[in-house]
Every structure is written in structure tokens, then in C-alpha cells.
Amino acid sequence: MKFSAADLAAYERDGYVFFPELFTPDEIRALTERVPTIFAMDRPEVVREKASGVVRTAFAAQHYDDAFARLARHPNLIEPAKQILDGDVYMHQFKINAKAAFDGEQWQWHQDYGTWLNDDEMPAPRALNVAIFLDDVTEFNGALMFVPRSHKAGALDAGHDLQTTSYPLWTIDHPTIARLVAEGGLVSPKGKAGSVMFFHCNIVHASPGNLSPFNRNIVYLSLNACENAIRNFKRPDYIAHRDFAPIVALGDDALRSTEVAR
Ligand code: SIN
Ligand code: MN
């Protein structure tokens, strides 16, 4: 897939573009059937919620699972990222965020670039996220909230929150969030499994806990321009990757073939 001129303009204006049901149920099944095995792994990449012990995030699954390795090189994700970032891209981070039924906890208000700047010394906000819904995302199971156009505010002041959840995050104070929401409003894209959202690394976002009986697994590819590689390697490489080589996209059948992509 390529972005149209209208898609590119919407991304520049709003900081995100949402594509409902971009992947078919069969393509998504190739991924979801792998998730229980990944979440059962006892390895540092698999981070658990403090309170309940259920999985919060599984980092770098593209390095140890073939189906996720194929997703990480899917042309529907890589080609638009190259258009948006105007050049070759590499994978800065890859994670499956499980917001488990009943126990999945919040993600505080933040910009992803805040963490990538403060922790990884990423030179410029020339990076983006692609979210791929593995489950239906509804108003009940912890859908993300975004402040449209907040990516234009640049990198905002952030404090390092090591307490609120089981994953340290550079978070933004409430008066700033209130001001940005007064200007830009809020959106919360929801949709069936297979829906995909591209969003700017400076768009402000958060998500509440999941009190529903429905899991909410979402995969995130964080793609960075190869020319914008990080300079500080203090975080483990399964969180902030060090392979800055351009990603070569697979064919359109990437999730329908069994070819090994790693
Ligand atoms: C994120 O902000 O990076 C993840 C939030 C979520 O998965 O709900
Ligand atoms: Mn984020």
C-alpha cells in the first residue's frame, strides 16, 4: 500500500491516519495464533503488569517469531512509513501491547518522542508508529486517546514516571494536556481487528485501563528514518534497536506466506 496525497496531507495536518480493517481476518489470525506462545515465554522482552502479573508488553517479537517478523516487513506498513519520513526506515522498537481483560493497566499521557529523545538521543522527531489491532478495539477495552494536531507542539516538557505503571515513561503534566485538548480535542479510533493507525512520534496520547472482559492486543512498529538513528544505547537493544539498516519490504502476501522473514 502507498499513501495517497490526501493521506499524506491528513497525516501532516492531524498527526495520524486510520485505516479500518486494512488486514483480513486470515492475515490477523496468522499473528494472533502466535500470541499465547509469546506471552508464555519467560524472557526479559516479556514485561508483566506490577499488580496482576499478566503480560503488559512483549518487545521485539519480530526477532523470535516468524509471523511477527513478516509483519515487521509488511509493505502496507513500510512503504507509507518511507513516504512519510521521506527515505529509508529502520525498526527502532517493536512491541505487542496486551491490555488484558480486567487487568490491563493505563498508559499515561505522553509523546513517544519524549522517551526516544531523553533515553535514546534520537536526533529529530523524524519517526512514527504504526499500530495494528490484533483484537477489536472498542469503547470498553482500553482504546487509545489522541490529541489531534498536538504533534505540531514539538517535544513537550516531560517528567520521568517510574511509579505509576510497570513501564517507565516520560509523561506530560495535566495543565499541558488540558490546554492541548482545548485546542485540538480528542479522538479515539476504534475498529475491528486488522485496523491500522499511523501516528506521528510527537502526537500526545494515552490509554485507560481495561475493565472489560475483552482482551485488547495491539502491535506497534516504531519506524525511524535511517538518517535519524539513535546515539545513546543505555536501554536494552530489545527496547531500542541498534540495527540501522534499511528495512526491505516483503511482498503483499507477507502474512499469507510461510517464508521465513528473519
Ligand atoms: C503507547 O502509548 O505506546 C501504548 C498505549 C497502548 O497500547 O494503549
Ligand atoms: Mn506511546
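Residues take their numbers from the sequence shown, with the count starting at 1. Every value quoted in this text rests on a predicted model; they were computed, and no experiment measured them. Remember, it's 1-based here, ligands and their atoms both numbered in the order they're listed. Just the heavy atoms: all of them, side chains too, but no hydrogens, waters or symmetry mates, feed the values below.
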Chemist: Could you find the nearest protein heavy atom to atom 8 (O) of ligand 1 and give me its residue, atom name and distance?
Modeler: S207 OG, 2.6 Å

Chemist: Could you grab the distance from atom CD1 of I84 to atom NE2 of H200, nearest 0.5 Å is fine?
Modeler: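 Rounded to the nearest 0.5 Å, the CD1-NE2 separation comes out at 9.0 Å.
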
Chemist: Measure the spacing between OH of Y90 and CZ of F244 and express it to the nearest 0.5 Å.
Modeler: 4.5 Å

Chemist: Quick one: nearest non-hydrogen protein atom to atom 6 (C) of ligand 1, plus distance?
Modeler: Y220 OH, 3.3 Å

Chemist: Have a look at S207 and tell me which of M145, Q106, Q108, K99 forms a side chain to side chain contact (heavy atoms under 4.5 Å, CB included) with it.
Modeler: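 In the set M145, Q106, Q108, K99, the residue that makes a side chain to side chain contact (heavy atoms under 4.5 Å, CB included) with S207 is K99.
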
Chemist: With K95 as the cation and Y220 as the aromatic partner, state whether NZ or CZ is under 6.0 Å from the six-membered ring centre and within 45° of the axis.
Modeler: yes

Chemist: Against heavy atoms of R216, which atoms of ligand 1 measure under 4.0 Å?
Modeler: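 Those atoms are 6 (C), 7 (O), 8 (O).
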
Chemist: Using a 4.0 Å cut-off to any heavy atom of K99, which atoms of ligand 1 qualify?
Modeler: 8 (O)

Chemist: Given W170, which of D119, D157, D161 fulfils the side-chain hydrogen bond (donor to acceptor under 3.5 Å, both in side chains) condition?
Modeler: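 Of the listed options, the one satisfying the test is D119.
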
Chemist: In ligand 1, which numbered atoms sit nearer than 4.0 Å to a non-hydrogen atom of H205?
Modeler: 1 (C), 2 (O), 3 (O)

Chemist: With respect to atom 5 (C) of ligand 1, which of T57, L144, N129 exhibits the smallest heavy-atom separation?
Modeler: L144

Chemist: With a 4.0 Å cut-off on heavy atoms, does H110 reach ligand 1?
Modeler: yes

Chemist: Hey, which N, O or S atom on D112 ends up closest to the Mn ion (ligand 2)?
Modeler: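 The atom in question is OD1.
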
Chemist: Identify whether NZ of Lys or CZ of Arg in R43 sits under 6.0 Å from the centre of the six-membered ring of Y64 and within 45° of that ring's axis.
Modeler: yes

Chemist: Just heavy atoms, cut-off under 4.0 Å: does Q93 contact ligand 1 by side chain, backbone, both, or neither?
Modeler: neither

Chemist: Please list the nearest protein heavy atom to atom 4 (C) of ligand 1 with its residue and the distance rounded to 0.1 Å.
Modeler: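 Going atom by atom, the protein heavy atom closest to atom 4 (C) of ligand 1 ends up being N97 ND2, 3.1 Å.
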
Chemist: Is there a side-chain contact between F133 and K192 (heavy atoms, below 4.5 Å)?
Modeler: no

Chemist: Apply side-chain contact (heavy atoms from CB on, under 4.5 Å) to F18 and V196, showing your working.
Modeler: CA-CA 6 Å; F18 183 60; V196 171; over 6 Å; no

Chemist: Which atom, among the N/O/S set of H205, is closest to the Mn ion (ligand 2)?
Modeler: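 For H205, the N/O/S atom sitting closest to the Mn ion (ligand 2) is NE2.
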
